[in-house]
Each structure stands twice: as C-alpha cells, then as structure tokens.
Amino acid sequence: LATAAIESVDYARGTWQQVRQDRHRLAGELTQLGFDVFPSQTNFLLCRVPAVLEARILSEALRESDILVRYFNQHRLRDKLRITVGSNAENKTLITKLRQLL
C-alpha cells in the first residue's frame, strides 16, 4: 500500500488541484445566489443560506432531488449547509436546482 501511495502522488496532486479549482468556482456561484460562503481549505463549503429560505427546508428539497448536503440542527449551524465539492457535473446540477428553489 505504501508503494502504491508513493507511486500515485502525481495523481493525488492533480486531484487536489481540481478540488481547489472546483471549490473556488462553486463558492463564487453560491455567493452569486446569495449564500454567505465561509473560507475553506477542504473538500466542502460551509454556507449560510439566504434568508429567503430555511436551511433545513432547503436541505430537504435538495434531498428530494437526490442532491445530498449536510444540515446540522445545532446552535450556530441551523442557518447553514455543508456542501461537498463534487465533480463539475454534480456542482452544475446543484447550482441549477438551487436557482429553481430560490
């Protein structure tokens, strides 16, 4: 396993770069939709949902369209969603659905 990991460093670097690019693009699109996107160095974004819709309701509506995001029913997180950075196609599907819902 260690040998395979060492031999896959170039692949991993490419994947990390793609996630960074997709995260940046997705954050920009979410911001344009009115989300408050918190800085991230991970493969997900924590976003405050626009005040026109509750985060819980938005999470449920996305789930009905087979789009899974994380909603946490906890103090200081109830107005936010955790959105994993997906592939270009997945991110486009998410943004398209969010435009319909908002």
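What you are looking at is a predicted structure, and each value in this text was computed from that prediction instead of being measured. Scope of the values below: all heavy atoms of this structure, side chains included, with no hydrogens, waters or symmetry mates.
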Could you tabulate the donor-acceptor pairs under 3.5 Å formed by side-chain atoms of residues 4-16, not counting sequence neighbours?
residue, atom, partner, partner atom, Å
Ser8, OG, Ala4, O, 2.8
Thr15, OG1, Tyr11, O, 3.1

Show me the side-chain donor-acceptor pairs of residues 37-52 shorter than 3.5 Å, one per line, residues at least two apart or across chains.
residue, atom, partner, partner atom, Å
Ser40, OG, Thr42, N, 3.1
Ser40, OG, Thr42, OG1, 2.8
Ser40, OG, Phe44, O, 2.7
Thr42, OG1, Phe44, N, 3.2
Thr42, OG1, Phe44, O, 3.0
Arg48, NE, Asp79, OD2, 3.2
Arg48, NH1, Asp36, OD2, 2.5

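Using modelled atom types, no side-chain atom of Ser59 and backbone atom of Ala55 make a donor-acceptor pair closer than 3.5 Å.
Residue Lys80 comes nearest to Tyr71 through the heavy atom pair O-CD1, 3.8 Å, listed as atom of the first residue, atom of the second, then distance. Scanning both residues, Leu101 and Leu53, for their nearest heavy atoms gives O-CD2, 4.3 Å.
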When you look at Asn73 and Arg56, which way does the side chain to side chain donor-acceptor pair (under 3.5 Å) test go after all the steps? CA-CA 8 Å; Asn73 188 17; Arg56 179 186 55 79; over 6 Å; no
Test log, rule side chain to side chain contact (heavy atoms under 4.5 Å, CB included), inputs Ile95 and Arg99: CA-CA 6 Å; Ile95 294 299; Arg99 283 188 181 122; 3.4 Å; yes
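A heavy-atom distance below 4.5 Å is not found between the side chains of Arg82 and Val69.
Note: Phe72 CZ to Leu81 CG = 9.5 Å, rounded to the nearest 0.5 Å. Atoms CG and CG, from Leu62 and Leu68 in turn, are 9.0 Å apart once rounded to the nearest 0.5 Å. Between the CG atom of Leu98 and the CD atom of Gln100 there is a distance of 9.5 Å, given to the nearest 0.5 Å. One distance of note links CZ of Arg23 with CD1 of Ile83; it measures 14.0 Å at 0.5 Å rounding. Between Ile67 atom CD1 and Arg63 atom CZ the span is 12.0 Å, to the nearest 0.5 Å.
By the 4.0 Å N-to-carboxylate-O rule, Arg25 lies too far from Glu29 to be salt-bridged with it.
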